[in-house]
Amino acid sequence: MNHIDFSKAIRYIGCDDHSIDLFENQYKVPKGISYNSYLILDEKVAIMDTVDRRASQDWLEKLRQGLDGRKPDYLVVHHLEPDHAYHIQLAAELYPEMTIVASAKAVAMMPQFFTMDFTGRVMAVQEGDKLSLGQHELTFVMAPMVHWPEVMVSYESSEKVLFSADGFGKFGALDIDDNWDDEARRYYFNIVGKYGGPVQTLLKKAAGLDIRTICPLHGPVLTGDLSHYIGKYQTWSSYQPEEDGVVIAYASIHGNTEKAAHKLAEILRQKGAEQVRLFDLSRSDKSEVVENAFRYSKLVLAASSYDGGVFPPMEHLLTTLVSKMYQNRRVALVENGSWGPTAGRVMKSYVDKLKKIDLCPTMVTIWSTLKDKDLSALEQLAEELLA
Ligand code: FEO
């Protein structure tokens, strides 16, 4: 999967991090993460991004070895988020002749992160600007909001390499073997998912380039047939479901809503649904639930009522779905209550904030425990979901 030795002149000097528990202090990364950084060695030498503070020693040693006594002429900053940009000031201090190349927006934001006066040390570049390193030439392409406003990507024309910033990144260190799609999807929807429009704009720009290799800031260097990865990004960024299937996300206090959720799954399977995925919101990794909500075409939200509203694990998911611009899916609601159920009303108030949702007309209300008389309503809901 990983092809970091794809070029003699473009060297990987990034770092794996297996000791981190939560990326961005919120996403579980049981297989770690990589902070990617590259060197282009030509008549001029360019460092392509730095790494997170957690990998300082490792990166500085790889940089020293990669430079092999040479001095860098440029540090190209594609993204100013600290997991990539932490070492800008340190590198600038180590190499006083080095120029920092970044978008104008990144240059304007640099004083927010660093104490150094960068006057005379920066080159602000715009869309289409070029930087020749000798045989290698970089063309800069602005990519605002993929993931921050200052983001740009660059295209190296002699080897047809796209340095794609956070785009095409994934969770997982490079020394583990896993499925690109799953951890790239979880990364995409939780980190970049809100910005489908800007990603579409970047994909349109990239379509005009002859790209042989993609060098992202996380995850493996992508080579070979790139259409698989670009196709996934087309699907994800246009908010199209990747697969037909039903995700049932339930928030259950005493297990009764859980029983109803499992019964609905059984009915759906009996009616021919091939993909039915159940998630207990009290225990599941929320980022995985969000990933799967976007992956499949249908979503059932089943929750207990609580404090005149909805049980908090469900409210947490709904807040995230609104924030991540969840849309273009069929949604169904199941509520439970022991007196005056309120969960359905609150869940619907969130769903009403989402675009292009086909809400099933039936909302099933369970009074405390699932009973035989409730089965016809679950049957009806299953019919509506699969229609
Ligand atoms: Fe990997 Fe938006 O930083």
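Remember, it's 1-based here, ligands and their atoms both numbered in the order they're listed.
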Legend entry - Check: Tyr187 and His218 side chains under 4.5 Å, non-hydrogen atoms: yes

Legend entry - Inter- and intrachain pairs under side-chain hydrogen bond (donor to acceptor under 3.5 Å, both in side chains), touching residues 86-98, at least two apart: Ser56-His87, Gln89-Glu93, Gln89-Thr115

Legend entry - Side-chain cluster (under 4.5 Å, hydrophobic types only) that Leu264 belongs to, other residues: Val246, Ile248, Tyr250, Ile267, Leu268, Val276, Leu278, Val300, Val334, Val364, Ile366, Leu370, Leu375, Leu378, Leu381, Leu385, Leu386

Legend entry - Partner residues of Phe294 under the ring pair (Phe, Tyr, Trp, His ring centres under 6.0 Å) criterion, sequence neighbours left out: Phe189, Tyr326

Legend entry - Any Phe163 side-chain heavy atom under 4.5 Å of His78 side chain: yes

Legend entry - Closer than 2.8 Å to atom 1 (Fe) of ligand 1 - protein N, O or S atoms, ordered by chain and residue number: Asp83 OD2, His84 NE2, Asp166 OD1, His218 NE2

Legend entry - Pairwise side-chain contact, Ile88 with Val77, heavy-atom cut-off 4.5 Å (strictly under): yes

